[in-house]
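Take a look at the structure below.
Both ligands and their constituent atoms are indexed starting at 1 by order of listing.
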Amino acid sequence: MARYAQVQGSVALITLTNPPVNALSAAVRLGITEAVTRALRDPKVKSVVICGENGVFCGGADIREFAKPMTGPPLVPMISAIEEGDKPVVAAIEGVAFGGGLELALGCHYRIAHSKARVGLPEVTLGLLPAAGGTQRLPRLIGLAPALELITTGRHVTAQEALKLGIVDKVTDQSAQDLAIQFAQEVIGQPLLPRKLSTQLTPCPPDVDTILDEAMARVKQRARGAMAPVACVQAVRAAVNLPYQAGMQKEQELMAFLFRSSQARALQYCFFAQRAVGKWSLSSGAHSGNSKPRPVTKAAVIGLGTMGRGITVALVKAGLSVVAVETNKKQLEMGKQMVSAMLKHDAQKMNAVPRLDLLHYTTDLSELKNTDLIIEAVFEDMALKKEVFKKLSSVCKPDAVLCTNTSGLDVDELASVTKRPELVVGMHFFAPAHVMKLLEVVRGSRSSPEVMATAMHLGKRLGKVSVVVGNCSGFVGNRMLRPYLDQANFLLEEGATPELVDGALEEFGFPMGVFKVSDLSGLDVGWRIRKEAGLTGPNVDPKDPLRRRQGRRYSPLPDLVCEQGRLGQKSGRGWYLYDKPGGRVATPDPDIHKLLEDYRVRHGIRPRQIGSQEVLERCLFALINEGFRVLEDGMAMGPEGIDMIYVFGYGWPRHRGGPMFYAAMVGLPRVLERLEYYQQVHPDVPHLQPSSLLRRLVVNGSPPLDKWRDFLQRPHSQL
Ligand code: NAI
């Protein structure tokens, strides 16, 4: 798995051969070790070049090997042998040098990169740290601050930036391998010691402690409980404070701790789950058929409100030409301005020209004759959407794909008013649509395989994590959110405060607690919906049957808050008090505490002390329970789909793997036992009733997540 050749008389050329990215598997490590030993021993060899085949240097460790017992030579002594040798070794970096690949290059004495190459140490994103000397050699090479930034974020850099930082010595537009071979001959006989990073001291600015302390504070604030970035700072601190060998020891200790952690398992699970959800394919049988995506070059967006604007920006950024239709002239003008501003802002950041030429605005639906795909984003109103879909079906070319961005309306009902229900699909974006990574692709009962593939492919072009979901109320993400929100409100009724609930959720790792998020999105949206459903009223008793409509018990508290003109950030007051209308700095509000106290007195509720464990169990386990129901109903491809929806759309901390992974980590028997307990205490809350799938899994010994599918009673997928 490493080829050996002697070129130009005295240069040994070692080529890593492990497609597709020459990952450092056991066989590759063995190959490199043998080849390096041979080159160092052969008196005819004066210098060495290490490169990778097929234009890729090395993508790093083979993650699949993490779960197995270690075989083959370890990386650290292999890289040390390269560095310690008395012959110059040059790394020829084409494609990528990531993780262990970059650490291998750092053990070489020189690094030559192709201009299109990228390098980086992404281990932190998998809950680990670069443990083959990366945390010790990189600071010695490029200095403390830049090394800290790269190692704690896992950011990749281009060859040009790598040259500026001093990670590589030369960049070429030609073959990096050819230049490296020529270079390897030129450096024969030059002193090697200064090129051996382990023998060097980390360059230390006078304010070294401040830099490290600030980095630690920054990382802790950003990490939301993730351990790996903190360990990265500790390892880099060792590169400053300790001699190389002791620093390596520290690096190994920290790695051993991280490697065994549940966070590393969660992050690695997310890595694979993200790939798996993108590879959606149709099962055979009823759903079989052509599932190749159709070409989409011209798209349209209907409705230039909050969502339509973001979707338009995302489409233009992906290079599609877009017709934006808006019937309200004022909205059209505002939409135009905002779309242009967002595109200009983005282009400026990328040093590019904004593609305003791809845009066309109109008030007239009949201008959509030539569009390949249309995304409807008008008000959430079934009658209006039906009217729009009817028109689209007569105006658009017969094979145009019709998508709706509804947050939860029935896609089949919409499809039924068109002449082409098989070409109708849900594309549920999340706000702001040009920023948020999640896209739920909703399969209606008649959506064709080809149309599903087209929506998935478009999602990919837009840079989204696209997850196929079934056509049920709220689809997957919002459906699971309902019990979570309900529990948060019930906790307030029983004695909690918004800051207590939010504090527990933020401590768990959400960027914002549920009440802060509600204030951010505006409390009036849900209020309007509840008013229309006849579910509000200041004197609704907690046990009032009115609040148990549609099989769900509602808390009137959010309505009471709205009735006081507290609509969230936009009005400067919501569940919290804000510095100003539109302000973002939330402080607990005594008026809200009073409102809660009055409510409890009015309804004879004796407030209890509520701890953060109860908050987490009630909110998260209720959400997870609904996740099991989603699986049971065949509305998600598997637990991985649900988890990616929560990680990319709802701020679930990635280092906890998503709700279903978290349930498996906590232990399904424990989740079941707590749900049973809370259900006894709150028998009138149906969503606390443990799902039958959860029960079945526990009875069957709580099998691992990838076996859950086997326990679905009706293994029918709606997808
Ligand atoms: P919005 O109220 O900001 O915008 C709707 C726009 O559609 C308005 O500008 C309105 O003038 C326009 N419109 C109405 N009838 C039209 C017609 N016949 N032809 C062309 N334009 C028309 O609404 P928002 O928030 O952008 O929501 C749009 C859709 O996206 C809804 O179905 C909503 O449920 C869904 N959605 C909203 C999310 C959010 O966070 N706001 C998230 C995900 C989905």
Could you tell me whether Lys385 and Glu413 have a side-chain N and a carboxylate O separated by less than 4.0 Å?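 Salt bridge between Lys385 and Glu413, a charged N being under 4.0 Å from a carboxylate O: no.
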With sequence neighbours excluded, what pairs up with Gln689 under the side chain to side chain donor-acceptor pair (under 3.5 Å) test?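 Counting only residues at least two positions away or on another chain, Gln689 forms a side chain to side chain donor-acceptor pair (under 3.5 Å) with Gln679.
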Summary of ring-ring contact (aromatic ring centres under 6.0 Å, His included) pairs that have at least one residue in residues 459-486, sequence neighbours excluded: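 Matches after skipping sequence neighbours: His428-Phe475.
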Can you list everything that forms a salt bridge (charged side-chain N to carboxylate O under 4.0 Å, His left out) with Arg294? Sequence neighbours excluded, please.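 Testing Arg294 for salt bridge (charged side-chain N to carboxylate O under 4.0 Å, His left out), a comparison that skips the adjacent residues, returns Glu450.
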Examine Arg656 relative to Phe508 and say whether NZ or CZ is less than 6.0 Å from the centre of the six-membered ring and inside a 45° cone about the ring axis.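 The answer is yes, since Arg656 meets both limits relative to Phe508.
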Using a 4.0 Å cut-off on heavy atoms, what residues surround ligand 1? Order them by chain and number.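 Correct list: Ile302, Gly303, Leu304, Gly305, Thr306, Met307, Val325, Glu326, Thr327, Asn328, Gln331, Ala377, Val378, Phe379, Glu380, Leu384, Lys385, Val388, Asn405, Thr406, Ser407, His428, Phe429, Ala431.
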Minimum heavy-atom distance Pro498-Ile592, with the two atoms named: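 Result for this residue pair: CG-CG2, 3.9 Å.
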